[in-house]
*Asks:* 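The structure under discussion is supplied below as structure tokens; questions concerning it will follow.
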Amino acid sequence: MTVSIQTRGNIAIVTIDNPPVNAASHAVRLGLQNALHQTSQDDAVQAVVLHCAGRTFIAGADITEFGTPSQDPSLPDLLTQIETASKPWVAAIHGTALGGGLETALVCHYRITDRATKLGLPEVNLGLIPGAGGTVRLPRLIAPEHALEMIAGGKPVAATRALELGLIDQIAEGDLLEDAIALAQASGARPIPLPLIERPVVALSSQDKWDGMIRKVKAKARGQNSPIAAIKALENALELGAPAALVAERALFLELRDSDQSKALRHIFFAERATAQVGRIKGVAAAPLSHIGVVGGGTMGAGIAAACLLAGYRVTLIERNEEAADTGRDRVHVTLDQSRKRGVITLAAHLQAVESFQVSTSYAALSDADLVIEAVFEDMQVKIDVLTALEAEMRPETILATNTSYLDINEMAAATQRPSRVIGLHFFSPAHIMKLLEIVVTDSVDDQTTATAFAFAKRLKKIAVRAKVGEGFIANRIMSAYRREAEYMLEDGAMPWDIDAAMRDFGFPMGIFEMQDLAGLDISWAMRKRLSATRDPDQRYVDIGDKLCESGHFGRKTGRGYYDYTEDGRAHHSAETSALIKDESQRKGITRAHISDKIIMARILDRIRSEAAALLDQGIARCADDIDVVMVNAFGFPRWTGGPMFYQSRPG
């Protein structure tokens with residue numbers, strides 16, 4: 001049964017069993033309503049414990065029901081019934097209580113969790129707001145400032161933080177269900193707490209702080225509607241009576257649910273979960289991994305090593321000499337320290353990561369490694385030399401991976417004795433933070449190696465996207481294409497800050513020239529020099545980036561690039577860059593003309609679309625959805641559009 005009832009003395013235990021995440025489907029809602037009626041009418045029942053089978057409490061609504069006719073009981077109506085029950089309900093929460101799950105917990109009269117539980121209202125990430133009373137009840141339980149953080153930010157809070165906020169009543173010391181039953185037994189002797197809906201809103205700690213938080217949410221939204229709607233719903237909760245605020249919340253929720261933005265966000269939500277469903281590895285067992293080797297302790301290599309350590313692997317970092325090894329070690333330790341300070345890992349996990357990390361200058365230290373990732377200089381011969389040297393030290397079953405951004409991995413694999421064990425793992429910087437991992441399959445890689453790469457990505461909590469070998473794979477090939485288009489616009493009449501502003505207004509976190517300055521102009525310069533010998537002489541080529549690099553202007557790290565940078569890192573329009581661009585237009589006989597923001601974005605989007613179509617035709621990208629996932633997670637294509645392919649497939 002989806003919802004069942006057992007009794008323990010005078011306590012009824014209502015259990016939801018709706019795998020995999022106990023979503024609040026119609027069957028669950030109907031089962032809870034029946035359980036409510038049955039326990040209310042049973043004189044032997046003094047209190048009710050609500051808990052879930054499996055790995056989690058209710059982790060949200062059933063998204064598959066969106067767009068279908070609603071079926072009674074609706075979640076808002078059901079929750080009102082539970083909140084006004086004649087007997088106290090205790091929510092025993094494990095795993096996650098998200099969205100409708102947390103709203104369900106809020107109407108229970110007591111809430112108890114285990115220590116690993118996370119609680120949140122992440123609807124904003126699907127273009128929604130809580131629609132079953134969450135925006136009205138939460139600020140009647142915790143401070144409105146914290147309610148705003150949870151609802152407009154969408155990030156869950158840990159159990160310990162929830163207890164500090166007053167969101168829960170207790171963290172179980174022993175078995176969660178047993179402690180919940182004990183809490184229910186104690187609650188039966190007390191008056192039922194006043195329903196949240198009948199309580200006053202918690203007072204603001206500071207109007208100035210509240211106003212400042214709202215300004216930050218609006219600035220961060222960058223065109224996404226749901227955070228703005230979350231602000232409105234909370235303002236309603238603070239200013240209106242609860243009944244009116246509930247009606248307003250539901251109206252906002254339904255409006256958002258049917259909006260293009262919510263449809264787009266739901267699209268990318270499902271697309272991200274489908275990228276690992278690669279047909280050729282279905283049913284293929286991944287090889288076990290425990291010891292990961294990383295060659296190269298620069299920014300990328302250290303980031304990869306830190307990502308592996310944060311995932312619980314034993315890691316050995318290899319550098320060419322002791323000085324470089326010490327620098328690489330320091331980079332990794334700094335990242336681990338920062339992760340602990342941000343609360344990403346506990347002190348115990350931090351100590352374990354440090355103990356699991358070693359640095360060496362000898363490949364022999366990797367003799368028992370299960371996977372080795374090279375992250376050395378982006379040069380084909382250098383990488384081949386590293387892979388072949390590694391192979392001489394490795395066990396035959398060890399997987400060799402390259403983190404190359406552009407180079408031909410088929411050529412690398414062919415230079416080894418076991419090409420079936422060579423694969424591309426293209427991380428994005430900073431590697432311990434960025435969610436995307438392109439898994440680049442060569443012509444010769446075997447299915448177990450591919451399956452192992454996907455399993456590795458999952459343990460790292462990365463979104464893995466399969467790509468085939470090709471210049472730049474998916475992400476960098478598309479980015480290179482629209483970067484070229486942006487460079488053409490520099491000669492045609494725009495300035496870097498014009499293009500960047502248009503991209504930010506569209507919803508990108510930063511523009512293409514800001515991004516290049518941040519990454520370092522020398523990186524793309526090296527790639528262009530490598531391709532110069534094979535470049536089509538009839539192809540339009542823009543020299544501006546090359547000339548900046550020839551002058552030693554590599555971006556933020558040198559204080560000058562497309563922009564000039566002050567000592568505190570702030571960017572300013574560069575008179576030198578402006579003059580260079582105008583000189584290049586004149587040298588080529590191009591008459592400069594104003595380019596509007598609309599035309600700037602139209603040209604960029606057209607270039608993305610045409611390059612994506614080529615990737616699909618060539619089989620480098622598996623499907624259009626994968627391209628959406630890549631562009632959203634690699635370069636910040638606004639998530640609320642669903643990605644470039646979804647965005648440009650909309651009617652009208």
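Residues take their numbers from the sequence shown, with the count starting at 1. Values reported hereafter were calculated over all heavy atoms of this structure, with side chains retained and with hydrogens, waters and symmetry mates removed.
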*Asks:* What's the verdict on side chain to side chain donor-acceptor pair (under 3.5 Å) for Gln185 and Asn10, showing C-alpha distance, side-chain angles and the deciding distance?
*Replies:* CA-CA 8 Å; Gln185 288 170 334; Asn10 59 1; 4.6 Å; no

*Asks:* Any side-chain to backbone donor/acceptor pair from Asn18 onto Ala23? Under 3.5 Å, distance only.
*Replies:* yes

*Asks:* Could you work out, with ring-ring contact (aromatic ring centres under 6.0 Å, His included) as the rule, every residue matching Phe454, not counting sequence neighbours?
*Replies:* none

*Asks:* Within the distance-only criterion (no hydrogens, no angle test), does the side chain of His94 pair as donor or acceptor with the backbone N or O of Thr56 below 3.5 angstrom?
*Replies:* yes

*Asks:* Quick check: does any side chain N or O of Glu65 sit under 3.5 Å from a backbone N or O of Ser25, one acting as donor and the other as acceptor?
*Replies:* no

*Asks:* Excluding sequence neighbours, so at least two apart, what forms salt bridge (Lys or Arg N to Asp or Glu O under 4.0 Å) with Arg115?
*Replies:* Glu173

*Asks:* His333: what forms a ring-ring contact (aromatic ring centres under 6.0 Å, His included) with it, not counting sequence neighbours?
*Replies:* Phe357

*Asks:* Could you go through Met510 and Asp500, starting from their C-alpha distance and side-chain angles, then the distance that decides it, and tell me whether this counts as side chain to side chain contact (heavy atoms under 4.5 Å, CB included)?
*Replies:* CA-CA 7 Å; Met510 64 174 63; Asp500 288 344; over 6 Å; no

*Asks:* Counting N and O atoms only, with roles assigned by atom type, does the side chain of His146 sit under 3.5 Å from a partner on the main chain of Leu138, one being a donor and the other an acceptor?
*Replies:* no

*Asks:* Hey, are Glu164 and Thr160 close enough side-chain-wise for a donor-acceptor pair under 3.5 Å?
*Replies:* no

*Asks:* Between the side chain of Glu249 and the main-chain N/O of Gly133, is any donor-acceptor distance below 3.5 Å?
*Replies:* yes

*Asks:* Can you tell me how far CZ of Arg8 sits from CD of Gln6, rounded to the nearest 0.5 angstrom?
*Replies:* 8.5 Å

*Asks:* Mind checking the CZ-OG spacing from Phe253 to Ser262? Nearest 0.5 Å is all I need.
*Replies:* 8.0 Å

*Asks:* What closest approach, in Å, do Val48 and Val45 show between heavy atoms, and which atom pair accounts for it?
*Replies:* CG2-CG1, 4.2 Å

*Asks:* Using a 3.5 Å distance criterion without hydrogens, assess whether the side chain of Glu123 forms a donor-acceptor pair with backbone atoms of Gly131.
*Replies:* no

*Asks:* Can you name the salt bridge (Lys or Arg N to Asp or Glu O under 4.0 Å) partners of Arg215, sequence neighbours left out?
*Replies:* none

*Asks:* To the nearest 0.5 Å, how far apart are CG in Leu102 and OG1 in Thr96?
*Replies:* 10.5 Å

*Asks:* Any idea which heavy atoms bring Ile512 and Met503 closest together, and the distance?
*Replies:* N-SD, 3.4 Å

*Asks:* Taking only Lys NZ, Arg NE, NH1 and NH2, and the carboxylate oxygens of Asp or Glu, determine whether Glu149 and Lys155 approach each other closer than 4.0 Å.
*Replies:* no

*Asks:* Please work out whether the ring planes of Phe506 and Tyr647 are parallel, tilted or perpendicular, with thresholds of 30° and 60°.
*Replies:* perpendicular

*Asks:* So which heavy atom on Val124 is nearest to which on Leu265, and how close?
*Replies:* O-CD1, 4.3 Å

*Asks:* Between Arg137 and Glu198, does any side-chain N to carboxylate O distance fall below 4.0 Å?
*Replies:* no

*Asks:* Below 4.5 Å, heavy atoms only, C-beta onward: do Pro88 and Ile192 meet side chain to side chain?
*Replies:* yes

*Asks:* Run the side chain to side chain contact (heavy atoms under 4.5 Å, CB included) check on Leu50 and Cys108 step by step: do they pass?
*Replies:* CA-CA 8 Å; Leu50 173 63; Cys108 292; 4.2 Å; yes

*Asks:* If every non-hydrogen atom of Ala245 is compared with every non-hydrogen atom of Ala237, which pair is closest and at what distance?
*Replies:* CB-CA, 3.9 Å

*Asks:* For a 4.5 angstrom cut-off between non-hydrogen side-chain atoms, does Val217 reach Met213?
*Replies:* no

*Asks:* Kindly determine whether Ile13 and Ile5 satisfy side chain to side chain contact (heavy atoms under 4.5 Å, CB included), including the steps that lead there.
*Replies:* CA-CA 6 Å; Ile13 304 169; Ile5 306 174; over 6 Å; no

*Asks:* If you take the centroid of each ring, where Trp contributes its six-membered ring, are His267 and Phe646 closer together than 6.0 Å?
*Replies:* yes

*Asks:* Looking only at non-hydrogen atoms, find the nearest pair between Ala431 and Gly303 and report the distance.
*Replies:* CB-C, 3.6 Å

*Asks:* Counting only N and O atoms by type, is there a donor-acceptor contact under 3.5 Å from the side chain of Thr117 to the main-chain atoms of Thr113?
*Replies:* no

*Asks:* Going by side-chain contact (heavy atoms from CB on, under 4.5 Å), His350 matches just one of Asp337, Leu309, Leu310. Which one?
*Replies:* Asp337

*Asks:* Is it the case that the side chain of Arg199 and the backbone of Leu194 share a donor-acceptor pair, with hydrogens and angles ignored and the cut-off at 3.5 Å?
*Replies:* yes

*Asks:* Yes or no on side chain to side chain donor-acceptor pair (under 3.5 Å) for Gln38 and Asn34, after CA distance, side-chain angles and deciding distance?
*Replies:* CA-CA 6 Å; Gln38 184 174 330; Asn34 292 335; over 6 Å; no

*Asks:* I'd like to know if Lys232 pairs up with Glu235 as an ion pair, taking the criterion as any Lys NZ or Arg NE/NH1/NH2 lying under 4.0 Å from an Asp or Glu carboxylate oxygen.
*Replies:* no

*Asks:* Quick one: OG1 on Thr135 to CG on Leu121, what's the gap to the nearest 0.5 Å?
*Replies:* 9.0 Å

*Asks:* Would you find more than 12 non-hydrogen atoms of other residues, nucleotides or ligands less than 6.0 Å from Lys118 atom NZ?
*Replies:* no

*Asks:* Can Arg250 and Glu255 be counted as an ion pair, charged N to O under 4.0 angstrom?
*Replies:* no

*Asks:* Assess the residue pair His51 and Phe57 against the criterion (side chain to side chain contact (heavy atoms under 4.5 Å, CB included)); give the C-alpha distance rounded to whole Å, side-chain angles, the decisive distance to 0.1 Å, and a yes or no.
*Replies:* CA-CA 7 Å; His51 95 302; Phe57 193 71; 5.5 Å; no

*Asks:* Quick one: closest heavy-atom pair of Ile93 and Leu176, and the distance?
*Replies:* O-CD2, 3.4 Å

*Asks:* Among all residues two or more places apart in sequence or in another chain, which pass the ring-ring contact (aromatic ring centres under 6.0 Å, His included) test with Phe456?
*Replies:* Tyr313

*Asks:* Not counting sequence neighbours, which residues clear ring-ring contact (aromatic ring centres under 6.0 Å, His included) with Phe508? List them please.
*Replies:* Phe637

*Asks:* Step by step, would you call Asp77 with Ser74 a side chain to side chain donor-acceptor pair (under 3.5 Å)?
*Replies:* CA-CA 5 Å; Asp77 289 345; Ser74 69; 3.2 Å; yes

*Asks:* Rounded to the nearest 0.5 Å, how far does CG of Leu165 lie from CD of Glu145?
*Replies:* 11.0 Å

*Asks:* Between Glu514 and Arg504, does the salt bridge (charged side-chain N to carboxylate O under 4.0 Å, His left out) criterion hold? Intermediate values first, please.
*Replies:* CA-CA 10 Å; Glu514 292 171 306; Arg504 288 195 307 273; 2.9 Å; yes

